[in-house]
Engineer: 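Following this message is one structure expressed as structure tokens.
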Amino acid sequence: MSVQDDPIANRLPDSLVGYWESDLVKIGATLAAVYLLYLIAGLLLGYGLSGQLNSLRRLTFLIVLYSIGALVVNLHWGYSGLFNIGVVGFMAVGVYTTTILTRPVAGQNPTGTLSGLGLPLPVAIVGGVLAAALVGYIAALPSLRLRDDYFAIVTLAFAEIIRIAVKASELQEFTIFGATIGTGGGRGIRTYPNPINQFFEGTGAPIVDAVSSTIDGPLVSGWTFVLTLTLVLVCVLWLIIRIVESPFGRVLKGIRDDEEATTALGKNTGSLKIRSFMIGCGILGFLGIIWQGSQGYISPGLFVPQLTFFIWIAVIIGGAGSNTGSIIGSILFVGTIYLGPGYVRRLIEKFISLSGQATNFPDALGMLAGGDVSGILLYTLDQTSALRVILTGILLIWLLKRRPDGLFGNRREMASSIDIESRVRDRQSSDATDGGRE
Amino acid sequence: MSDLGGVDTQLLEVESLHKSFGGITALGGVTFEVESGTLTGLIGPNGAGKSTTFNIIGGMLQADSGAIQFGGEDITGESPDYIARKGLVRTFQMSREFQNMTVIENMMIAPTSQRGESAIQSITPGLREDVSEQEEDIFEKAWEMLELFDIDHLALENAGALSGGQRKLLELARALMLEPEMLLLDEPFAGVNPTLEKKLINRIERLRDKGQTFLLVEHDMDMIMDHCEQVIVMHQGDTLLTGTPEEVQSEERVIEAYLGENVE
């Protein structure tokens, strides 16, 4: 490991550097720090146990889902050099396919809801993942001919085409091969029930009752779901590590660095690029299924490009090419830029009494002209989503100037299924003791 | 070696390659043969079409017309990766190492038919053990090659951090990991210091003596004249002549081509 590149390892006492070297400790420490921050914020805001648990649940939920997205972007961009800025499109394909497959068949659906194919959820999930991978295949075909930036445009266009297609009134409800299905158009569509919620409403209800005296009932299923998602994240991480720490991943890295040179070494780069892209898109499809799909209702508005860019920011913070970096980047992104502004607003409102109301920008400016800064402050803090974008911009500029490779971008993650680094070190040290050349 | 006469030992046969870029004719009928087990030099002034010829042989460019035979097989128009897998491997004029990968990874990426290049094999428990087994062999081979080229101490460095000369060494070593029947080297000594250059040419000659075939583009005339058995001279997109270094040196036309005089 290149300790000299790690800003935190440099500041740690020697006895702790060894621990910090472990990726798991890095992730754990970052997560603990963010948790602590939110616990303190919760205390200051006077949250009770349920409030705290709910605050952390939402934080963890987003961190886990962003991490999965970031890992895929890292597989695509960090390892394969595939500039995928259509992330959200593949998520949409996954969740819409699964939804349509699970909706009850026509006649059995409650009035006013859309009908579908009535398949069981597990089958529908497989269908959604395969559909996303298939769309990924179609999107990847031009990558055989296009350079990075042009390919990026293709993926962005794909995502937008998908979003606009599901929005189209023509696809809102239609009959094909005798089955009436639809995307719900701009009005959206009700998704499948979350099996974990179902469990705690049925068989698991006594568990909820047992704890309901201490914490809010919905927290039980909420946290169970978040922990299940964490398990999914672990599986995705395992899968991606297996992929990149292998000869397959090695060729992907070669393609990223210099595709023509990789071809000159006898590698069929087109085929490998497509495979890498499809695997990632399949995972993204699954991400859509467990993210937007778990909220009970989806509409095209959820799948705007902004989500893609947020996931990218997480990867940029962590540093492309490092899986650990992608996860830590997600923790930091969600913890600061994404959820931070809302908490800051609530804290300010609680502790600084702000007089006056400013519901729009001219009002706020007017108050500012009158010497009252609270108006503009309130107005600014109200614009949570705009603040996210502004903070993102500031962070990007800072990163580009100070640490263009992200936190872990220049780290060495060896692409082989065996531990090359220790083998090389053994050889090198034995060479040295043999009085070898060097 | 040219005294072998009629015996068919030609490994690479290039026949009447034509290539134009827009209105400019880059190649106008390049024809030559490279004998198996030789070190053959390809020389010519700038713009003679040497790199274009390399690119076409390697499959990076398609010729407008003409044919290329390698080991008796017609490889005209085949893809670069197919040609490389057939045993005809090229290096580039500007080193094309994988900058953000370590030296050892650069080496290990090269061998063909690696089981682990299938994603399924690499992921699936049970199958991955086979991959790792092969990885051990590939690592051994890569390590030996790094030792041979005296860059084993750099194994864990990022290739992008290497000096120009070290990159040239790495690129040659990496190409040899493919165990190619024939290597096309595009100015392998450009930017390499004389000591290192001597070392490289020694390696190449030793490999040649073991039966490997080399086609070498080089501007250093002394190098070509001292080490090549056969020299192909290109000029203005055409093969001017082929012969031994002595024959080429005494040929008036070659001198004229280099000095920019009109030829015929």
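Predicted model, so just to flag it, every value in this text is computed and none were measured. We name chains A, B, ... by the order of the sequence lines, and we start the count at 1 in each one.
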Engineer: Check step by step if side chain to side chain contact (heavy atoms under 4.5 Å, CB included) holds for B:Thr102 and A:Met414.
Structural biologist: CA-CA 8 Å; B:Thr102 57; A:Met414 208 68 91; 3.4 Å; yes

Engineer: Is B:Glu136 paired with A:Arg423 through a side-chain N to carboxylate O contact shorter than 4.0 Å?
Structural biologist: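 Yes, A:Arg423 and B:Glu136 are salt-bridged.
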
Engineer: Which one, A:Ala261, A:Pro247, A:Ala264, leads in non-hydrogen pairs under 4.5 Å with chain B?
Structural biologist: A:Pro247

Engineer: Among B:Ala119, B:Ala155, B:Gly59, B:Ser79, which has the most heavy-atom pairs under 4.5 Å with chain A?
Structural biologist: B:Ala119

Engineer: Kindly indicate, with the supporting measurements, whether the criterion salt bridge (Lys or Arg N to Asp or Glu O under 4.0 Å) is fulfilled by A:Lys267 and B:Asp81.
Structural biologist: CA-CA 5 Å; A:Lys267 311 296 175 196; B:Asp81 52 301; over 6 Å; no

Engineer: From A:Asp258 CG over to B:Glu97 CD, what is the distance, rounded to the nearest 0.5 angstrom?
Structural biologist: 8.5 Å

Engineer: For B:Pro111, is it the side chain, the backbone, both or neither that has a heavy atom under 4.5 Å from a heavy atom of chain A?
Structural biologist: backbone

Engineer: Can you tell which part of B:Ile104 gets under 4.5 Å to a heavy atom of chain A, answering side chain, backbone, both or neither?
Structural biologist: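 Contact with chain A is through the side chain of B:Ile104 alone.
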
Engineer: Quick one: what part of B:Ile109 sits under 4.5 Å from any heavy atom of chain A, side chain, backbone, both or neither?
Structural biologist: both

Engineer: Is chain B contacted by the side chain of A:Arg275, its backbone, both, or neither, given a heavy-atom distance below 4.5 Å?
Structural biologist: side chain

Engineer: Hey, what do you get for CG (A:Leu272) to CD (B:Glu117), rounding to the nearest 0.5 Å?
Structural biologist: 6.5 Å

Engineer: For chain B, find which of A:Thr262, A:Ile279, A:Leu239 contributes the most heavy-atom pairs closer than 4.5 angstrom.
Structural biologist: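 Option with the greatest count: A:Thr262.
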
Engineer: Does B:Arg128 reach the main-chain N or O of A:Arg242 with its side chain, forming a donor-acceptor pair under 3.5 Å?
Structural biologist: yes

Engineer: Kindly indicate, with the supporting measurements, whether the criterion side chain to side chain contact (heavy atoms under 4.5 Å, CB included) is fulfilled by A:Ser416 and B:Glu105.
Structural biologist: CA-CA 8 Å; A:Ser416 169; B:Glu105 283 177 294; over 6 Å; no

Engineer: Looking at CG of B:Asp152 and CZ of A:Arg427, how far apart are the two atoms once the value is rounded to the nearest 0.5 Å?
Structural biologist: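 The CG atom of B:Asp152 sits 10.5 Å away from the CZ atom of A:Arg427.
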
Engineer: Determine, for B:Arg96 against A:Glu259, whether the closest basic-nitrogen to carboxylate-oxygen distance falls under 4.0 angstrom.
Structural biologist: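 So B:Arg96 does not pair with A:Glu259 through a salt bridge.
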
